Amino acid sequence: MPKLTIDGKEIEAPDGITVLQACEMAGVEIPRFCYHERLSVAGNCRMCLVEMEKSPKPIASCAMPVGEGMVIRTDTPTVRKARNGVMEFLLINHPLDCPICDQGGECDLQDQAMAYGFDRSRYEENKRAVPEKYMGPLIKTIMTRCIHCTRCIRFAAEIAGVEEIGALGRGEDMEISTLEQAVDSELSGNLVDICPVGALTSAPYAFAARPWELRKTNSVDVLDAVGSNIRIDARGREVMRVLPRLHEDINEEWIADKTRYACDGLGRQRLDRPYVREGAKLRPASWEEAFQTIAARLTGVDGGKIAALAGDLCDAESMIALKDLMDALGSPHRDCRQDGAKVAAAPRAGYLFNTTIAGIENADAALLVGCNPRWEAPLINARLRKRFLRGGFRVGLIGAPCDLTFETEYLGAGPDSLQEIADGKGGFAEVLSAAERPMIVLGMSALARPDGAAILDIGRRLAETFGMIGDGWNGFNVLHRAAARVAGLDLGLVPASGGRDTDGILAGAGAGEIEVVYLLGVDEIDMTRLKDAFVIYQGHHGDAGAHRADVILPGAAYSEKNGTYTNTEGRVQLGRLAASPPGDAREDWTILRALSGVLGKPLSYDNLSEVRQRLIEVNPVFAAIDRVAPAAWESFGQAGQVDATPFEAPMVNYYMTDPISRASETMAACTEVFVHGRGRGATGTDG
């Protein structure tokens, strides 16, 4: 490790890092625009100039590797003059848009102009103007502000894997462009975050608020099972925007577009009061009337004729309350797997992403079965791409063909191909055998089918055959789509002895054997199969479940309650209340607690801390927040005959998968552009 001196302080730095990184280690701040820790070095803004002994001129610290005996000075008259000059050049053509710029208050250019800039401009010629570019419905462009840092180009090519942004021209005539095409990536919103000026801003958030007006709350995302760490910015009761929060082991500093932009759906089509069905219509009611209607219908109904289902966005607190209420009513029929996934509630290793998200970077081969991580979990796909770009990582794909932004080997469409590899046949079986740390990822397209348990069994045997299970490494992974799924399985929200699963409940309702069905945020099932059953729907949006309901109990969305969520790798995280629920809506566990009292079966907890203590009683994993503990490896799955039918495509439309995103105007615009194929701008503007 070379030793170097920075501003008179001697430090030891790792081989291969740059002078800029060494300065950061020494506690010296170096201004920069083009440099970004997660992107390749461009070295084109020159803001990071420092003096190096024996160098005839200042050096770009972001592009200079450290060397033994270097003497670096970061705050000399020469360095200050150089930074003044660079800033003066950067501002030559930059418009004075700060009062109307959405980046105002969060702008690197503003901050660094104040800290390092010249106090006046000597430029008297006409400023250049650059036409706006079309980049799709999510990104608003004001390209006259662009300082040519090329961060957006490098992010698109390196992280997102879509080389749709490039530069035209040279020097002052250079322009960033997509050739009037929308940026077709599930990570495109991160372009707004990495732009150091206001050239790329959020189109849905344009002119909506200033950062100092917003109340900022740290939380977690629930629109997929990754559990991305986010910051929710709200004004009053309205969620204005969602931004990423740094978490190296999950989402690094990125979030998916649905996570970022579907938040406008939180304010539309909301359920803000209870409803009771009279004849063919639902009418508003009070909480007391709604509860009494439920109590009257449940009077005399045997527990064996009552069933409950939990949806994809539920928090653990509401699911344990639902489970406890069903136990009190004597019902064994409950399920948290509304898609019918054939994963059992034990052992835990049988339904987790055991490798962990960060652990993907240690794998050297991967087999993806019945999944499309680019749509189902964009941040996991970004990790897979990151590992692929390092080299020595072959990826096989079984299922519907898809573009994952990196090279894959297509091995087949259905279970037959998986069985061949498990039997050691084919070239990819040799790849897995030769790998030191291979991994397999089973998606819901493979497990949410009638033969899902048999496919799970094949996957387990394959993992054992090819050495995926060993000391310090578990390469068996299940990729969930639903934020609520792992917590539901951890809590045992599956059929009790003699109970029915999702399909059995629907079949029982159709046959008249199930008379009452409680839907906790369930909107993805076939509501027509409920036939004449009495349906209680508790949720936050007027989606499919609410349309079918006989009684509606308005709950809180994820941004409106303190909730516990477990991501696909088994990491327990806390979501926090960022805005109040609308109208008479309440937190979900409190609704179930109040209903249990009316039914004469009061639950044993009265506040949030008591509910969370109950979670820990049921499963101790809920005591360890933001930690992943390796799950014990045991036998799971069920040997049996598999159907040769190919695995279906996991999603038809990435942008609309849940009640929140289906209510979002922004997600509707994305659907129009990206799903219906209208990705090219007609006018060259961002409208």
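Keep in mind it's a predicted model, so treat the numbers as computed, not measured.
For the residue pair Asn93/Glu172, the side-chain donor-acceptor check at 3.5 Å is satisfied. Ser228 and Asn251 share no donor-acceptor pair across their side chains, judged by distance under 3.5 Å alone. Inspection of the Asp224 and His480 side chains reveals no N or O donor paired with an N or O acceptor under 3.5 Å. Looking only at atom types and distance, the side chain of His36 has a donor-acceptor partner in the side chain of Glu253 under 3.5 Å away. With 3.5 Å as the limit, one finds no donor-acceptor pair spanning the side chains of Gln103 and Asp97. In the model, Glu51 has a side-chain atom that pairs as donor or acceptor with a side-chain atom of Thr76 under 3.5 Å. Checking Thr666 against Asp264 by side-chain atom types alone, a donor-acceptor pair falls below 3.5 Å.
Residues Glu252 and His247 have side chains not in contact (no heavy-atom distance under 4.5 Å, counting atoms from C-beta outward). Residues Ile30 and Thr74 have side chains in contact (heavy-atom distance under 4.5 Å, counting atoms from C-beta outward). Arg73 is listed as a side-chain neighbour of Val71, based on a closest heavy-atom distance under 4.5 Å. Residues Thr217 and Leu577 have side chains not in contact (no heavy-atom distance under 4.5 Å, counting atoms from C-beta outward). Within the 4.5 Å cutoff, no side-chain heavy atoms of Leu4 are placed close to those of Glu10. With contacts defined as side-chain heavy-atom distances shorter than 4.5 Å, the pair Ser121/Leu91 does not qualify. Put simply, the side chain of Ser664 does not reach to within 4.5 Å of the side chain of Leu266, judged on heavy atoms. The side-chain heavy atoms of Arg270 and Glu560, taken from C-beta on, include a pair separated by under 4.5 Å.
Heavy atoms from other residues, nucleotides or ligands lying under 6.0 Å from NZ of Lys127 number more than 12. The environment of CZ in Phe89 is sparse: at most 12 heavy-atom neighbours from other residues, nucleotides or ligands sit within 6.0 Å.
At a threshold of 4.0 Å, the pair Glu175-Arg170 does not count as salt-bridged, since none of the basic side-chain nitrogens sits closer than that to a carboxylate oxygen. Salt bridge status for Glu158 with Arg390: absent, with no side-chain N to carboxylate O gap under 4.0 Å. Between Asp193 and Arg260, at least one side-chain nitrogen of the basic residue sits less than 4.0 Å from a carboxylate oxygen of the acidic one, meeting the salt-bridge criterion. Salt-bridge formation is not detected for the pair Arg215/Asp233: no Lys NZ or Arg NE/NH1/NH2 atom is positioned less than 4.0 Å from an Asp or Glu carboxylate oxygen. We find that Glu68 and Lys3 are not joined by a salt bridge, their nearest charged nitrogen and carboxylate oxygen being 4.0 Å or further apart.
Taking the ring axis of Tyr654 as reference, the NZ or CZ atom of Lys258 stays within 45° of it and closer than 6.0 Å to the ring centre. Taking the ring centre of Phe406 as origin, the terminal cationic atom of Arg385 falls outside the region bounded by 6.0 Å and 45° from the ring axis.
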From CA spacing to verdict: side chain to side chain contact (heavy atoms under 4.5 Å, CB included), Cys152, Ile176:
CA-CA 9 Å; Cys152 55; Ile176 305 296; 3.8 Å; yes
One pair to check against ring pair (Phe, Tyr, Trp, His ring centres under 6.0 Å): Phe155 and Trp254. What are the steps and the verdict?
CA-CA 11 Å; Phe155 176 86; Trp254 320 119; 5.0 Å; yes
As a quick check of understanding, evaluate side chain to side chain contact (heavy atoms under 4.5 Å, CB included) for Arg245 and Asn218, giving each step before the final call.
CA-CA 8 Å; Arg245 192 158 50 92; Asn218 292 338; 3.1 Å; yes
Before you tell me yes or no, could you show the steps for Glu124 and Arg122 under side chain to side chain contact (heavy atoms under 4.5 Å, CB included), namely the whole-Å CA-CA distance, both residues' side-chain angles and the distance that decides it to 0.1 Å?
CA-CA 6 Å; Glu124 297 178 353; Arg122 296 173 287 182; over 6 Å; no
Could you go through the side chain to side chain contact (heavy atoms under 4.5 Å, CB included) check for Ile6 and Lys9 one step at a time?
CA-CA 5 Å; Ile6 299 174; Lys9 178 182 178 182; 5.5 Å; no
Show your working on side chain to side chain donor-acceptor pair (under 3.5 Å) between Asn653 and Thr671 and close with a plain yes or no.
CA-CA 7 Å; Asn653 180 3; Thr671 299; 3.0 Å; yes
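No donor-acceptor pair under 3.5 Å is formed between the side chain of Arg210 and the backbone N or O of Leu214. Side chain of Tyr35 to backbone of Leu39: no donor-acceptor contact under 3.5 angstrom is found. Under the 3.5 Å distance criterion, the side-chain polar atoms of Asn229 are left unmatched by any main-chain donor or acceptor of Leu246. The main-chain N or O of Gly105 is found under 3.5 Å from a side-chain atom of Gln110 such that the two form a donor-acceptor pair. Under the 3.5 Å distance criterion, the side-chain polar atoms of Arg154 are matched with a main-chain donor or acceptor of Cys34. Judged by distance alone, the side chain of His541 and the main-chain N or O of Arg662 form no donor-acceptor pair under 3.5 Å. The closest donor-acceptor contact from the side chain of Asp658 to the backbone of Leu313 lies at 3.5 Å or more, if one exists at all. Formation of a donor-acceptor pair under 3.5 Å by the Thr178 side chain with backbone atoms of Gln181 is found in this model. One N or O on the side chain of Arg145 and one on the backbone of Gly198 form a donor-acceptor pair closer than 3.5 Å. With Glu569 contributing its side chain and Ile357 its backbone, the two residues share a donor-acceptor pair below 3.5 Å.
Tested against Leu200, the residues Lys140, Lys133, Met143 include a single side-chain contact (heavy atoms from CB on, under 4.5 Å) partner, Met143. Checking Phe674, Trp375, Tyr261 one by one against Tyr655, the ring-ring contact (aromatic ring centres under 6.0 Å, His included) holds for a single residue, Phe674.
Nearest heavy-atom pair, Ile360 versus Arg387, reported as atom, atom and distance to 0.1 Å: O-CG, 3.6 Å. When all heavy atoms are compared, the tightest approach of Ala26 to Ile11 is CB-CG2, 4.1 Å.
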